[in-house]
Colleague: 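To start, I am sharing the structure in question, which I have written as structure tokens.
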Amino acid sequence: MDKKIISTGAIFGMIAIILGAFGAHALKKVLSLEQLSTFETGVRYQMYHAVFLLFIGLTNDLSQKAKKTIYFLVLFGVFLFSGSIYLLATNDLTSFDFKVIGFVTPIGGLLLILAWGVLLLNIINKKS
């Protein structure tokens with residue numbers, strides 16, 4: 001499971017860098033400052049959680065069950081939170097109105113918060 005967690009963290013990190021560069025160069029010409037800022041928020045949170053997954057995969061202070069729970073919360077949280085933000089920020093570039101999926105952004109955010117909560121609870125309840 002650790003290899004999967006670390007690999008996913010690395011992939012999320014790579015994609016965040018690619019999307020960040022894409023936003024800074026290609027999207028800068030076609031998005032408003034507000035839309036670009038929104039897009040960058042998605043990139044930033046994806047990168048935060050890429051590093052979080054690396055930490056989770058490398059730590060020995062959590063059970064495999066806790067790691068698996070955190071992994072899936074982060075995986076779905078990033079897809080829903082950052083993914084929806086990318087689509088919403090670039091909404092004007094397509095004919096499809098991505099505002100209809102806007103409700104998933106806070107669900108993704110909640111999943112990310114829960115992942116951190118699982119970490120906190122497991123550390124608090126860890127027997128020394």
Side-chain angles (χ1 to χ4, degrees):
M1 188 72 197
D2 290 341
K3 184 176 179 181
K4 185 180 200 176
I5 294 170
I6 294 167
S7 297
T8 302
I11 291 167
F12 276 1
M14 289 169 40
I15 293 170
I17 292 169
I18 292 166
L19 290 174
F22 180 68
H25 299 289
L27 292 179
K28 184 167 64 170
K29 300 170 186 166
V30 294
L31 295 182
S32 70
L33 288 177
E34 182 180 344
Q35 290 168 317
L36 196 55
S37 176
T38 299
F39 189 88
E40 289 171 353
T41 298
V43 171
R44 196 168 46 254
Y45 275 78
Q46 181 172 331
M47 183 57 83
Y48 294 156
H49 289 88
V51 175
F52 183 50
L53 286 177
L54 295 176
F55 167 76
I56 295 302
L58 292 170
T59 188
N60 293 322
D61 291 334
L62 296 170
S63 68
Q64 287 301 308
K65 181 182 177 187
K67 287 183 178 191
K68 188 174 183 179
T69 301
I70 292 168
Y71 172 76
F72 283 110
L73 287 168
V74 171
L75 182 70
F76 293 115
V78 167
F79 278 125
L80 294 177
F81 184 80
S82 292
S84 65
I85 285 179
Y86 299 143
L87 295 173
L88 290 166
T90 58
N91 193 49
D92 293 346
L93 304 179
T94 67
S95 59
F96 184 79
D97 187 6
F98 287 109
K99 291 178 184 171
V100 298
I101 60 129
F103 71 93
V104 303
T105 308
I107 294 169
L110 177 62
L111 295 176
L112 296 173
I113 293 166
L114 290 173
W116 286 91
V118 170
L119 172 64
L120 177 63
L121 289 175
N122 275 270
I123 295 301
I124 289 172
N125 293 328
K126 184 175 190 251
K127 295 177 174 79
S128 303

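Since the structure is predicted, the reported quantities are computational estimates derived from the model, not experimental observations. The basis for the numbers below is simple: all heavy atoms, side chains too, and nothing from hydrogens, waters or symmetry mates.
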Colleague: Kindly state each residue pair satisfying side-chain hydrogen bond (donor to acceptor under 3.5 Å, both in side chains) with at least one member in residues 77-91, sequence neighbours excluded.
Modeller: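 Residue pairs passing side-chain hydrogen bond (donor to acceptor under 3.5 Å, both in side chains), neighbours aside: Gln46-Tyr86, Ser84-Thr105, Asn91-Asp97.
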
Colleague: Which pairs count as side-chain hydrogen bond (donor to acceptor under 3.5 Å, both in side chains) when at least one residue sits in residues 10-34, sequence neighbours excluded?
Modeller: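 Qualifying pairs, neighbours excluded: Ser32-Gln35.
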
Colleague: Donor-acceptor pair, distance only, cut-off 3.5 Å: does the side chain of Ser37 make one with the backbone of Leu33?
Modeller: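 No; judged by distance alone, with no hydrogens or angles, the pair does not exist.
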
Colleague: Run through the side-chain heavy atoms of Ile, Leu, Val, Met, Phe, Trp and Tyr, join any pair under 4.5 Å, and report what else lands in Leu54's cluster.
Modeller: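 Result for Leu54 is Ile6, Leu58.
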
Colleague: Can you pull the salt bridge (charged side-chain N to carboxylate O under 4.0 Å, His left out) pairs that have at least one residue in residues 82-96, sequence neighbours excluded?
Modeller: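 Residue pairs passing salt bridge (charged side-chain N to carboxylate O under 4.0 Å, His left out), neighbours aside: none found.
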
Colleague: Give, for atom NZ of Lys65 and atom CE of Met1, the distance between the pair rounded to the nearest 0.5 Å.
Modeller: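 Between Lys65 NZ and Met1 CE, I get 13.5 Å after rounding to 0.5 Å.
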
Colleague: Can you sort out the partners of Thr59 under side-chain contact (heavy atoms from CB on, under 4.5 Å), two or more places apart, ordered by chain and number?
Modeller: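 In terms of side-chain contact (heavy atoms from CB on, under 4.5 Å), with neighbours along the sequence ignored, Thr59 is linked to Phe55, Asp61, Leu62, Lys67.
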
Colleague: Please answer: with hydrophobic residues joined when any side-chain heavy atoms are less than 4.5 Å apart, are Met14 and Val43 in the same cluster?
Modeller: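 Not linked; separate clusters.
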
Colleague: Quick one: ring-ring contact (aromatic ring centres under 6.0 Å, His included) partners of Tyr48, sequence neighbours excluded?
Modeller: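 ring-ring contact (aromatic ring centres under 6.0 Å, His included) list for Tyr48, sorted by chain: Tyr45.
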
Colleague: Taking a hydrophobic cluster as the set of Ile, Leu, Val, Met, Phe, Trp and Tyr residues connected by side-chain heavy atoms closer than 4.5 Å, whether directly or through intermediates, do Leu19 and Ile11 fall within one such cluster?
Modeller: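 Same hydrophobic cluster.
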
Colleague: So which heavy atom on Ile85 is nearest to which on Thr38, and how close?
Modeller: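 Heavy-atom minimum between the residues: CG2-O, 3.0 Å.
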
Colleague: Using the rule that Ile, Leu, Val, Met, Phe, Trp and Tyr join whenever any side-chain heavy atoms are under 4.5 Å apart, tell me whether Leu93 and Leu87 fall into a single cluster.
Modeller: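 No.
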
Colleague: Rounded to the nearest 0.5 Å, how far apart are CD of Gln64 and OG1 of Thr69?
Modeller: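 Gln64 atom CD to Thr69 atom OG1 measures 11.0 Å (nearest 0.5 Å).
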
Colleague: What residues form a ring-ring contact (aromatic ring centres under 6.0 Å, His included) with Phe98, not counting sequence neighbours?
Modeller: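 Testing Phe98 for ring-ring contact (aromatic ring centres under 6.0 Å, His included), a comparison that skips the adjacent residues, returns Phe96.
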
Colleague: Working to the nearest 0.5 angstrom, can you tell me the gap between Ile56 CD1 and Ile70 CD1?
Modeller: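 Rounded to the nearest 0.5 Å, the CD1-CD1 separation comes to 4.0 Å.
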
Colleague: Where do Gly9 and Ala50 come nearest, in terms of heavy atoms and distance?
Modeller: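 Shortest heavy-atom separation between Gly9 and Ala50 comes out as O-CB, 3.2 Å.
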
Colleague: Applying the 4.5 Å side-chain criterion to the ILVMFWY set and letting contacts propagate, would Phe72 and Leu53 be lumped into a single cluster?
Modeller: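 They do share one cluster, since a chain of ILVMFWY contacts under 4.5 Å joins Phe72 to Leu53.
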
Colleague: Would you list the pairs meeting side-chain hydrogen bond (donor to acceptor under 3.5 Å, both in side chains) in which at least one residue belongs to residues 7-18, sequence neighbours left out?
Modeller: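 Passing the test, one end in residues 7-18: Thr8-Tyr71.
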
Colleague: Can you list every salt bridge (charged side-chain N to carboxylate O under 4.0 Å, His left out) pair that touches residues 40-49, not counting sequence neighbours?
Modeller: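 Passing the test, one end in residues 40-49: no pairs.
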
Colleague: Establish whether Leu73 and Phe12 are linked, either directly or via other cluster members, by ILVMFWY side-chain heavy-atom contacts under 4.5 Å.
Modeller: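 Yes, same cluster.
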
Colleague: Using a 3.5 Å cut-off and no angle test, enumerate the donor-acceptor pairs between side-chain atoms of residues 106-123 and protein atoms at least two apart in sequence or in another chain.
Modeller:
unit_1 : atom_1 : unit_2 : atom_2 : d
Trp116 : NE1    : His49  : NE2    : 3.0
Asn122 : ND2    : Val118 : O      : 2.8

